[in-house]
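Written out below as structure tokens is the structure these notes cover.
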Amino acid sequence: MLMVLTGVTTLFIPETYAESEPTVQTDSALVVSASTGEVVYSLHSDRKLPMGGLAKIMAAMVVIGRMHDSSEFRNRITITADVASKGSLFKKGEKVSVRDLMAAMLMENSDEAAVALAVYSADTVSSFVDAMNAKAQELDLEGTHYTTVSGKYDTLQYTTVPDTATLIQKALRYRTISKYLNEESRQITVEGSKTGNVTLERKASFRYSGLETTYAVNTGTASGHKNSFALADRDGMKLLVILFGTKDKKLDSDQKQLLDYGYQHVTRHVIVKADKQVGKIKVRHGDVTRVPVYTKSKGYVYVPKEGSDSLIRTQTVIDDHLNAPLKAGDKAGEFRIYVADELTGTVDLIVKDDVKTGWFPSYAYISNGMTILIGVILLGIILLIVRIHNVKRRRRKLAEKRRREKIREIALREYEIEQDRKRRNWTYH
């Protein structure tokens with residue numbers, strides 16, 4: 001269940017920078033703020049070009065979207081002769097889990113993994129490609145069409161840099177995809193292989209201003225030029241750079257140049273500060289069952305010149321049913337920013353403290369502290385009941401004692417009267 005809060009926030013004054021046009025040598029390029037949706041730089045962005053291995057990002061989204069639940073990641077797939085013929089990472093007869101094939105597809109750009117997952121997900125590659133195109137329509141990728149799951153060159157398979165930017169931003173909302181696009185290396189288990197495991201290495205690495213960036217490079221054109229994307233984060237402002245048809249030797253320098261340009265020119269309207277408490281979440285089976293959540297970074301917004309600040313709307317979406325244990329920094333929701341009812345940016349909401357597993361009552365959202373308090377109250381009530389019972393019992397005993405004493409006193413008085421009559425020799429007729 002999600003808890004949603006909406007509101008409107010006043011903007012801070014943006015920073016401004018001087019102009020300096022980049023000079024990159026590429027077929028098509030785009031610099032877009034992943035935090036606000038603002039297009040900072042565009043070069044031939046309407047061109048429909050071969051996508052290369054970036055098609056595998058769409059494939060990963062489709063595979064995950066067709067799963068019944070996350071337990072499917074543990075399912076093992078047998079590598080067929082046809083799958084093994086697509087590359088050299090796996091051999092016929094080996095068995096690999098869906099999770100490890102996903103990692104191989106995204107980290108190693110493995111065609112074998114892509115085909116194996118396609119057949120697993122949709123029985124045939126052609127049916128899976130149809131699902132990829134259906135997903136493209138769902139995401140409004142009007143300049144995109146798929147004919148293969150691997151992204152292998154085909155004149156009928158193409159995309160644009162704006163479509164790719166949309167695809168990447170949507171894909172990075174999937175925890176699994178984001179994880180494998182970020183990992184430098186990973187060891188996976190391969191049943192039936194001589195070693196029993198395979199080490200995956202991310203195909204490219206790129207550092208920008210000392211900050212590690214999410215980065216992927218794939219062969220995108222028949223001439224061997226590269227298609228790539230880089231995602232950098234500075235002070236909560238995320239910039240996404242897309243390059244299509246770049247010479248290998250120019251790739252790093254062109255990306256750095258576009259990131260420099262982007263951070264000089266991107267609009268910085270701050271709509272929410274970092275480390276701001278925006279609500280609380282319920283935590284099931286935690287030693288505490290209600291904890292505050294905070295914005296992980298700054299939230300920015302971009303409004304076109306023809307727009308107004310009245311178009312801005314914010315929404316706090318909190319996952320109200322998290323399960324312990326939690327670690328400090330775990331995601332607990334999103335702070336969403338809308339311009340004219342279009343989602344333009346999000347900020348992760350996180351917990352700042354660890355939440356340990358609670359006692360049995362915490363399954364019913366009763367924290368350990370509340371359990372102790374309830375226990376103390378119940379003990380107090382029990383002690384009070386016992387005390388009242390004891391007081392009543394003592395009172396009954398005292399009343400019984402007084403009654404017996406009264407009886408003895410009456411009997412003694414009667415006895416004394418009788419004895420006195422006998423002494424006086426009183427008789428009655």
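We use all heavy atoms of the structure for the numbers below, so side chains are in, but hydrogens, waters and symmetry mates are not.
- Under the side-chain contact (heavy atoms from CB on, under 4.5 Å) rule, T164 has a single partner from T144, N227, I242, L30, which is I242.
- No hydrogens or angles considered: nothing links the side chains of E108 and S110 as a donor-acceptor pair under 3.5 Å.
- The ring pair (Phe, Tyr, Trp, His ring centres under 6.0 Å) analysis of residues 368-399, with sequence neighbours excluded, yields no pairs.
- Screening residues 338-370 for ring pair (Phe, Tyr, Trp, His ring centres under 6.0 Å), with sequence neighbours left out, gives H285-Y363, F360-Y363.
- Between L167 and M61, some side-chain heavy-atom pair lies under the 4.5 Å cut-off.
- The salt bridge (charged side-chain N to carboxylate O under 4.0 Å, His left out) pairs that include a residue from residues 161-176 are R173-E334, where partners are two or more places apart or lie in different chains.
- Here the side chain of R284 pairs no donor or acceptor atom with the backbone of N323 at under 3.5 angstrom.
- Once rounded to the nearest 0.5 Å, the distance linking CZ of F335 with CD1 of I318 reads 11.0 Å.
- Side chains of E38 and T267: a donor on one and an acceptor on the other come within 3.5 Å.
- Using a cut-off of 4.0 Å between Lys/Arg side-chain N and Asp/Glu carboxylate O, E138 and K135 are scored as salt-bridged.
- Atom OG of S35 and atom OH of Y302 lie 14.5 Å apart (nearest 0.5 Å).
- The backbone N or O of Y300 sits nowhere less than 3.5 Å from a side-chain atom of T36 that would complete a donor-acceptor pair.
- The shortest side-chain heavy-atom distance between V32 and L239 does not fall under the 4.5 Å cut-off.
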Would you mind writing out the side-chain donor-acceptor pairs for residues 341-356 within the sub-3.5 Å range, not counting sequence neighbours?
from: T344; atom 1: OG1; to: I337; atom 2: O; distance (Å): 3.3
from: D348; atom 1: OD1; to: K331; atom 2: NZ; distance (Å): 3.3
from: K352; atom 1: NZ; to: D275; atom 2: OD1; distance (Å): 2.9
from: K352; atom 1: NZ; to: D275; atom 2: OD2; distance (Å): 3.4
from: D354; atom 1: OD1; to: A328; atom 2: N; distance (Å): 2.8

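- For the pair V278/Y294, no side-chain contact is recorded, criterion being any heavy-atom separation below 4.5 Å from C-beta on.
- Panel note: side chain Q157, backbone T148; a donor-acceptor pair is recorded below 3.5 Å.
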Got a list of side-chain donor-acceptor pairs under 3.5 Å for residues 124-132, not counting sequence neighbours?
from: T124; atom 1: OG1; to: S126; atom 2: OG; distance (Å): 3.3
from: T124; atom 1: OG1; to: S127; atom 2: N; distance (Å): 3.2
from: T124; atom 1: OG1; to: S127; atom 2: OG; distance (Å): 2.8

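- Heavy atoms only, all atoms of each residue included: S185 and E201 are closest at CB-OE1, 3.5 Å.
- Between E400 and K397 there is no salt bridge, since no side-chain N of the basic residue sits under 4.0 Å from a carboxylate O of the acidic one.
- Ion pairing between K298 and D235 holds under the 4.0 Å rule for side-chain N and carboxylate O.
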Inset, instruction - Carefully, step by step, assess L243 and Q255 under the rule side-chain contact (heavy atoms from CB on, under 4.5 Å). - result: CA-CA 8 Å; L243 286 167; Q255 286 192 122; 3.3 Å; yes
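- Once rounded to the nearest 0.5 Å, the distance linking CG of N182 with CD of E184 reads 8.5 Å.
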Inset, instruction - Please assess M51 against Y146 for the test side-chain contact (heavy atoms from CB on, under 4.5 Å), listing each intermediate value before the final yes or no. - result: CA-CA 9 Å; M51 63 188 66; Y146 298 98; 3.1 Å; yes
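- Using a distance-only test at 3.5 Å, with no hydrogens or angles considered, no donor-acceptor pair links the side chain of D330 to the main chain of L326.
- T289 and S367 share no donor-acceptor pair across their side chains, judged by distance under 3.5 Å alone.
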Inset, instruction - Determine, stepwise, if the pair L89 / L200 fulfils side-chain contact (heavy atoms from CB on, under 4.5 Å). - result: CA-CA 9 Å; L89 191 61; L200 304 177; 4.1 Å; yes
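- Looking at Q25 and T246, their side chains never bring a donor and an acceptor atom within 3.5 Å of each other.
- By the salt bridge (Lys or Arg N to Asp or Glu O under 4.0 Å) test, E142 is found to be paired with no residue, residues two or more places apart in sequence or in another chain being considered.
- Residue pairs meeting the ring pair (Phe, Tyr, Trp, His ring centres under 6.0 Å) criterion with at least one member in residues 92-113: none, sequence neighbours excluded.
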Inset, instruction - For T176 and M102, run side-chain contact (heavy atoms from CB on, under 4.5 Å): C-alpha distance rounded to whole Å, both residues' side-chain angles, the deciding distance at 0.1 Å, then the answer. - result: CA-CA 8 Å; T176 300; M102 186 77 69; 4.1 Å; yes
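- Every pair passing salt bridge (charged side-chain N to carboxylate O under 4.0 Å, His left out) that includes a residue from residues 68-85 is listed here, sequence neighbours excluded: R76-E191, D82-K86.
- Annotation: side chain of V149 is not in contact with side chain of M58 (no heavy-atom distance under 4.5 Å).
- At least one donor-acceptor pair under 3.5 Å links the side chain of E94 to the backbone N or O of K91.
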Name each donor-acceptor pair under 3.5 Å that joins a side chain in residues 40-49 to protein atoms two or more places apart or in another chain, with its distance.
from: S42; atom 1: OG; to: S45; atom 2: OG; distance (Å): 3.0
from: R47; atom 1: NH1; to: D27; atom 2: O; distance (Å): 2.9

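- One finds no salt bridge joining K256 and D252 here, because no Lys/Arg side-chain nitrogen approaches an Asp/Glu carboxylate oxygen to under 4.0 Å.
- Residues V241 and F229 form no side-chain contact, since every pair of their non-hydrogen atoms from C-beta on lies 4.5 Å or further apart.
- Here the side chains of L172 and L181 are in contact, with some heavy-atom distance below 4.5 Å.
- Remark: R99 engages no residue in a salt bridge (Lys or Arg N to Asp or Glu O under 4.0 Å) (not counting sequence neighbours).
- Residues I64 and F73 meet the side-chain proximity criterion, which asks for heavy atoms closer than 4.5 Å.
- Evaluation of the salt bridge (Lys or Arg N to Asp or Glu O under 4.0 Å) rule for D140 yields no partner, not counting sequence neighbours.
- In this structure, the side chain of S121 does not engage the main chain of V63 through any donor-acceptor pair within 3.5 Å.
- Between the side chain of D254 and the backbone N or O of V24 there is no donor-acceptor pair closer than 3.5 Å.
- Annotation: side chain of V291 is in contact with side chain of I281 (closest heavy-atom distance under 4.5 Å).
- I381 meets the side-chain contact (heavy atoms from CB on, under 4.5 Å) test with I377, I385; sequence neighbours excluded.
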